[in-house]
Amino acid sequence: MARALLRITTRCCSPLYSPSSLPSRLRSHGLPPTLRFPSLSFSASAASTSSHGPSSGDGGKEEEEDDKGKYENYLGMSDDELMAQCDMGTFKSSGPGGQHRNKRESAVRLRHHPTGIVAQAVEDRSQHKNRSSALSRLRTLIALKVRRPINLDDYIPPVELLQILPLKSTIRSKDVGNQIGPNNIKFSPGMQALLDLLFAVEGSVSEAAKILGLSTGALSRLILSDDSLRAAANELRASKVFLQIRV
C-alpha cells in the first residue's frame, strides 16, 4: 500500500514547469522550482473546485441544477448577462499613479453571485475600462476555478477545447480552424474544458493526452504556454493526490 501511494504521488505531484525559467545551477540538477502563482490584479473567494459544480447563494437553485445534471455555462454568456449575475463596487485605488488617479472612485470590484468569485481592476483612471478589465479577469477566474463534471465513458471534447489544441492532435479536424493562443479572448473556455478533463482523469497529463490525441509532451507544452493554466493544473494535480492519500 505504501509503495502504491508513493507511485501515485510521483506520477501526479511533479509540477509542470519550463526548464528555461530556471537558473542554470538548478537546470543542471533538474530540480523543480517552487510553485508560484501569477501576479494578477484580482482575488477570489469561495470559488468552487469540486466535481459537484459551482456553489450558489440560492440553495434551491443549486439543488435544481444537480437534479437536472445541468450546469450554467458562465463563459458562454454575453458581458451583459454575466454582469447581471454580479455585484459591482467602485472605490479609490491606492498606490502609485499620482493624485489624479485617486480623485474619483474609478477602481472596480465585481463579485459573481453563483460562484462567489471576486475580480477587480484598478490600473486605469477610467471606470469604464476598469469594469471591462475586471469582467475579463472574472471570466479567467471562472475558467480556472469552476470545475464541471465529465463522464469519461462517452466524453467528446467540446469545440472550445479543440480550438486551443495543437494542430498535431489526431482528433482535431480542419474545420476547427487555427489554434487559439492564450492572448485570444476565446482561450478561457478552452482552458476551462481542459482543466475539467484533467480533473476527471485525476490530474494525469498522460491520460488526458491520450483522450485528446496528443503526446504527453505536446499537452504539457500547451499547459506551460499560460502561467495561470500551469498554476491551476499543478494545484489540481496536487489536490487530487492529497485526496487519494487521505482516503
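The shown structure was predicted, so the numbers you read here are calculated from the model rather than taken from an experiment.
Interatomic distance, CG of L194 versus CG of L219, reported as 6.0 Å (0.5 Å rounding). Distance check, rounded to the nearest 0.5 Å: OG of S132 to CG of D79 gives 7.0 Å.
No donor-acceptor pair closer than 3.5 Å links the side chain of R137 to the backbone N or O of A119. Side chain of D226 to backbone of P182: no donor-acceptor contact under 3.5 angstrom is found. In this structure a side-chain-to-backbone donor-acceptor pair under 3.5 Å is present from R172 to L165. Side-chain atoms of D124 never come within 3.5 Å of backbone atoms of K129 as a donor-acceptor pair (strictly under, hydrogens ignored). The closest donor-acceptor contact from the side chain of R131 to the backbone of M88 lies at 3.5 Å or more, if one exists at all. Looking at Q85, its side chain never comes within 3.5 Å of a backbone N or O of H112 through a donor-acceptor pair.
There is a side-chain donor-acceptor pair under 3.5 Å between D175 and S173.
With respect to the salt-bridge test (charged N to carboxylate O, under 4.0 angstrom), the residues R139 and E81 do not qualify. Comment: R111 does not engage D87 in a salt bridge, judged by the lack of any side-chain N to carboxylate O separation of less than 4.0 angstrom.
The environment of L152 atom CG is dense: over 12 non-hydrogen atoms of other residues, nucleotides or ligands sit within 6.0 angstrom. Atom CG of L167 is surrounded by more than 12 heavy atoms from other residues, nucleotides or ligands within 6.0 Å. Counting heavy atoms of neighbouring residues, nucleotides and ligands inside a 6.0 Å radius, atom CG of N151 exceeds 12 of them.
Contact annotation: the side chain of L222 approaches that of Q179 to within less than 4.5 Å [non-hydrogen atoms, C-beta and beyond]. Side-chain contact check for N73 versus M77: every heavy-atom pair is 4.5 Å or farther apart. The shortest distance between side-chain heavy atoms of V122 and F91 falls below 4.5 Å. Residues L197 and L212 are in side-chain contact: their nearest non-hydrogen atoms beyond the backbone lie under 4.5 Å apart. Between F187 and L229, some side-chain heavy-atom pair lies under the 4.5 Å cut-off.
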* **Steps toward salt bridge (charged side-chain N to carboxylate O under 4.0 Å, His left out) verdict (E207, R237)** => CA-CA 13 Å; E207 289 299 320; R237 296 166 75 212; over 6 Å; no
